[in-house]
Structures are given as C-alpha cells and as structure tokens.
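For reference, the structure discussed in these notes is given below.
Letters A, B, ... mirror the listed sequences (proteins, then strands); counts begin at 1.
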Protein chains: 2
Amino acid sequence: MSLEIKIKMNESLFLKNPENSDLGKNIVQHAIQLIHLKGFEAFTFKKLAFSIGTTEAGIYRYFENKHKLLVYLTSWYWGWLEFKIDYHTNNISNPVVKLKKVISLLAKTVEDDKNTSHIDEGILHQIVISEGSKSYLTKHVGKDNKQKFFKPYKDLCNIVGKIILECNKKYKYPKSLASTIIEMAHLQNFFMNNLPSLTDFSKQKDESEIVSFLTEMVFSSIHINQK
Amino acid sequence: MSLEIKIKMNESLFLKNPENSDLGKNIVQHAIQLIHLKGFEAFTFKKLAFSIGTTEAGIYRYFENKHKLLVYLTSWYWGWLEFKIDYHTNNISNPVVKLKKVISLLAKTVEDDKNTSHIDEGILHQIVISEGSKSYLTKHVGKDNKQKFFKPYKDLCNIVGKIILECNKKYKYPKSLASTIIEMAHLQNFFMNNLPSLTDFSKQKDESEIVSFLTEMVFSSIHINQK
DNA sequence: TATTTTAGATAGCAATACTATCAATAAATA
DNA sequence: TATTTATTGATAGTATTGCTATCTAAAATA
C-alpha cells in the first residue's frame, strides 16, 4: 500500500485545483520541468501548453498567471518540507539534535519523493533555490500576504523558531535566526554553484559543508555547545 | 568645492555611458524612481521614456535591456557602498570595531548622498533590498559572471570576509559569513517591512535591531566577545 | 438519456521587448 | 567657416507575451 501525500493548498492560488485532474497534474509536473529548464523569466504559459500538448487557454483555466503558479509551487514545497521535518523529528526529544536535523533537511539535496507521483521534489528544490524569493520580492507582497499566500513559509519559519527557543529560551531573535537559516540554506547553495567566490565551499563538495557552516552559526548564536 | 564621486562601471553593462550625457543621467535618475514606484517587473523602457519625455528607442541607445540596467544600478550601489565603507573605516585599526561599523553601514537606512547629483542613494538602497537579488537569480548568471557583472558585489564580500579573518584568523567560513551578513542586512529589512512575522523586529522600530541581531550572530560565530 | 464538467481549437487584442530608419540639431574638428 | 561626427527625436514595424472570449467535442455524472 502506498500512501499518497496530499499537501493542503491555499484555494486562492488556483482557479481549478490541479490535483483533481490529469491535465492539472500535467501542468504542475511540466511547469516544474520547464521553469527549471528555462528559468522563471523565460517561462511562459504558451511554452508550457506546447510542452504538454494542450493550449494556452487550458493553462489559464487552472492558474491566473505564472506568478501564482510560482507561489503555488513554492507553497507546495514548504508544505511538503514541513511534513518531512515533522516526520523526521517527531521522535527526537532533544531540541539540539532536532535543530541539527532540521538544518540538514533544509540544506541537503532533495531526492525525488516517490509518494508524490507528479512532483519531482529534487527539481522543485532547485526551483525554490533559484526562483523562490521572486514569489515575495514583488510590489504586491502585501496583498499576497493578506491572502495568506506565504503561510506555509511562515509556518515552517515558526516551527524552526520554536525549536531554537527550546534550545535557549532566552535567545532574543528566534524568528530572524530561523528565516536566516532557511534563506541561507538555499542562497549558499546557489552561490556555491553559480558565484562560488561568495562562499567557502567548492563546487565539487556536497551540501554537508553548508550544513556545517549553518550549524556552527546557529549554535554559536544561541550559545549552545552542540558537540 | 564639491567633489563629485564617480564609480567606475563595467563597460559591458551599457551601450553608451549614461554618465556622459544629460539624457543618460536622466535615464538613471528616473529609472531609480520608476523601479522603486512600480517594481522591477512592471517597469518598462516605454514607461521610463514617457517619464523622462524621450522615446523608447532613446533608452535602448544606452541600455540593451532592463536587466542590464538593473545590474548597472546594483553594481553602482555596491561600488558606492564599498567607497563609503572605505571612507568610514580606513582610520579604524581594531578589526572588531571595523566589523561592527561595516554591519551598521550595511543595515542602516541610507540617506541621499549629496556628492552624486543624479542618484538618490536612499531610494537605490530600497531597490537593492527589493530587487537586488533578481540581478543574479537568473539562468544567465554564469554568462553574466564571466563578464564580471558581479565584481562590485564580490569585492565588497571579499572586504568583509577579510575583516572577519582579521578578527579571527582561524574562522573557517569568512566568505559565507560575509555574504550572509550582506544578504541578511537587506532581507531582514524587507521582511521587517513586508512579512514581519518572519523577524523579531516590529515595523515601528528602526534598523538598529537588525544591526544588533547581525552583530550578535557574527561575533558569536567567530567567537569574539565584542562587548 | 440528459446534463454538467472538462478540454481542445481558434481568434483576437493590448502591452512588451525590441530593431530599424530618417531627419534635426548640436558639438567637435579640419 | 565649413564639415564631419555624435546625439537626440520622431516614427514605424515586428515577434512575443499576457490574457480573454467563444465555440465545439468528449467525458463524466445524475
């Protein structure tokens, strides 16, 4: 028996739920491939329609525009990651061990999750690294925020912030440190692969160096000896 | 006698140097206003032309496309900031004091620099916060990097990294910590103003809280007691 | 079987992202 | 002073993007 994971999505992100039809799933699946291939700026609904074998109008029946599709994809990713973090840390009672696990889950390459058929989490992870911040770096971030578009991201940040507080109740900046970890787990990865002189990691090396950097930074900041 | 600051710019960023003509300076000046007003996505050369009272073709004589104009503006900002950091720290011999000054210069609101007539650094700072990362989060980051588009950013990162090493020669991640400081000085500011629940700072409060957060993070990481 | 939902096909339109051409004017230089 | 050169303005045009509308056929559901 295989358990299909379903991430509960904000209904305002789509016109028709892509999870409920083959075309919808195809849109999501191929959007991930195409955004990864072309980059978000060069990605268009017309190209997406062509790659699926449907029409532009067909895509517009599911998503209002490509920005909402991006928010949908990143939201899905954060929701899925929260689930994954829950799953891998619920049996850990020591908050220090828990926080280390979270950092590792945030910064390490994602392998395709077989429990979600149409979504390739590995590629989606790459998209979140390269395009994720474009989902909120807009003039309409305030409106989008009112519509709860960033709830999954905030939820994750909150969870991480709470674990930080469990490690040290007196630490003054749990949320900022949490958002710093999350953002830097991705940005240091992007820099490592594209602008390596902005990091101390070589392209050859895997993400474990990023994990070490972040881990040392976090536990120093909250004055906990993690060794 | 007023000393006009001139930032040496990468010649590949423009077709005709905007510093050398009134129209060019107008383009830069109004581009800053318009990008800040509309956001980079909604900003077009046609709108810019209209706001200056020239034609679209006129803008294209100076900049190949709006992406290069964005890279131009952010590069200018990083060059200007490096100059400013130099100016404010060259007389400081203690690297700990120096690093604190740098963090403060990175994170605090910028006031318009009267030494540059056509560029409003305060607004440009806002643009770098909201749009800056879009200059490298592209599929052509590799090509752009080969053309040295990101040299000013890398130079700044290098300077900060070196100061970190001056504080603690044994610290393993000076460049990553430097890029983390620079990015987070901006991103925490953006979050504070737009997605405040991702930070521990209230909208009312000024950037000094961000400076405190970053300062504690940095000096903890390099195991220096800054008090 | 009747009816609602879904998808494919086609058309069209305003805005965007450019490129090209030509004339007017101002500045630099012969 | 005459003349080349650089700069700008004006206009046109094209391919692509972003989006809406309509109509039909097929599939799912009542």
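Considering only the side chain of A:T44, D:dT17 comes nearest among D:dT17, C:dG8, C:dT16. Side-chain proximity of B:Y60 to D:dT20, C:dG8, C:dT19: nearest is C:dT19. When distances are taken from the side chain of B:K16 to each of D:dT22, C:dT16, D:dT8, the shortest belongs to D:dT8.
A sub-4.0 Å separation between OP1 or OP2 of C:dT16 and a side-chain N or O of B:K47 is present. Between A:Y62 and C:dA7 there is a side-chain N or O to OP1 or OP2 distance below 4.0 Å. Dashed line: the shortest gap from a side-chain N or O of B:S21 to OP1 or OP2 of D:dT7 is not under 4.0 Å. Contact annotation: B:T55 does not reach the phosphate of D:dT11 (side-chain N/O to OP1 or OP2, under 4.0 Å).
In terms of position on DNA chain D, the residue among A:K66 and A:A57 whose nearest nucleotide sits closer to the 5' end is A:K66. Mapping B:N20 and A:K46 onto DNA chain D by nearest heavy atom places B:N20 closer to the 5' end of the strand.
Smallest separation of non-hydrogen atoms from B:T180 and A:F213: OG1-CZ, 3.5 Å.
Rounded to a whole Å, the CZ atom of B:F43 is 14 Å from the C1' atom of C:dC18. If you take CD1 of B:I27 and P of D:dT8, they are 8 Å apart, rounded to a whole angstrom. Summarising the geometry, the separation between CG on B:L48 and C1' on D:dG9 is reported as 16 Å, rounded to the nearest angstrom. Atom CZ of A:R61 and atom C1' of C:dT6 are 7 Å apart (whole Å). A straight line from CG of A:D22 to P of D:dA27 spans 13 Å, rounded to a whole angstrom. The distance from atom NZ of A:K68 to atom P of D:dC19 is 11 Å, rounded to the nearest whole Å.
For A:E56 against D:dC19, a side-chain-to-base donor-acceptor contact under 3.5 Å is present.
Looking at A:N145 and A:K154, their side chains do bring a donor and an acceptor atom within 3.5 Å of each other. Under the 3.5 Å distance criterion, with hydrogens and angles disregarded, no donor-acceptor pair is assigned to the side chains of B:N26 and B:D22. A donor-acceptor pair shorter than 3.5 Å can be found between the side chains of B:Q188 and A:S176.
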Going through the checks in order, is the side-chain hydrogen bond (donor to acceptor under 3.5 Å, both in side chains) test met by A:T74 and A:Y136? CA-CA 10 Å; A:T74 52; A:Y136 56 75; over 6 Å; no

